[in-house]
Amino acid sequence: MLNWKHVFDCCGVWSFFAATFWRKNYSLSIEIVALITVAVVLVYALGGFMGGRLIDKFGRKRFVVYSWFTRGVLIAAIVFMPDVYSALFMSFVATLIGGFAVTGSHNLIVEQVPKSRGTMMSINGVFASIGVTI
């Protein structure tokens, strides 16, 4: 299940960095950066929906580990792209896979203690908020 709070938290952190990146490296206008940010949020949400469909095909643990690893590598690769179009494409791919990763992570968390799903999600939310704050 897609948690919209995490869509905006995760995309929010990336968009703060990304907005500066787009403006500094490619001299994009604020309007264009705002459109990119909206597109990133939509791609992230799409990744969340797609991840929910794919997780059972690959296995939860494997899916989560590979998707987080791949997302990290792709985000690091964005800064090495030669032009704005390839960087934007890489950003969209990384964000799509980020949607996979978060959906898979939530699914894995809920699976840990099936009788206490609500408690597990609450604890996860608390620690995620602490992590974002730090």
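Keep in mind it's a predicted model, so treat the numbers as computed, not measured. Quick note: numbers below take in every heavy atom, side chains included, and nothing from hydrogens, waters or symmetry partners.
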Do [X] and [Y] have side-chain heavy atoms sitting under 4.5 Å apart?
X: Leu54; Y: Phe100; value: yes
X: Leu108; Y: Lys61; value: yes
X: Val102; Y: Ser105; value: no
X: Val93; Y: Ile97; value: yes

If you group Ile, Leu, Val, Met, Phe, Trp and Tyr by side-chain heavy-atom gaps below 4.5 Å, do [X] and [Y] land in one group?
X: Val79; Y: Phe69; value: no
X: Phe92; Y: Met50; value: yes
X: Val84; Y: Met81; value: yes
X: Ile30; Y: Val41; value: no
X: Phe89; Y: Val40; value: yes

Measuring from atom [atom1] of [X] to atom [atom2] of [Y], what distance do you get when rounded to the nearest 0.5 angstrom?
X: His106; Y: Ile55; atom1: NE2; atom2: CD1; answer: 11.0 Å
X: Thr95; Y: Leu88; atom1: OG1; atom2: CG; answer: 9.5 Å
X: Leu74; Y: Ser67; atom1: CG; atom2: OG; answer: 11.0 Å

Do you know which of Ile32, Leu28, Val33 makes side-chain contact (heavy atoms from CB on, under 4.5 Å) with Arg23?
Val33

On the 0 to 90° scale, with breaks at 30° and 60°, tag the Tyr26-Phe21 ring pair as parallel, tilted or perpendicular.
perpendicular

How far apart are the C-alpha atoms of Val110 and Met120, what are their side-chain angles, what is the distance that settles it, and do they pass the side-chain contact (heavy atoms from CB on, under 4.5 Å) test?
CA-CA 6 Å; Val110 170; Met120 285 299 292; 5.9 Å; no

Considering all heavy atoms, the nearest Ala94-Ile75 contact
CB-CG1, 3.8 Å

Distance-only donor-acceptor check, side chains Trp22 and Ser91, under 3.5 Å
no

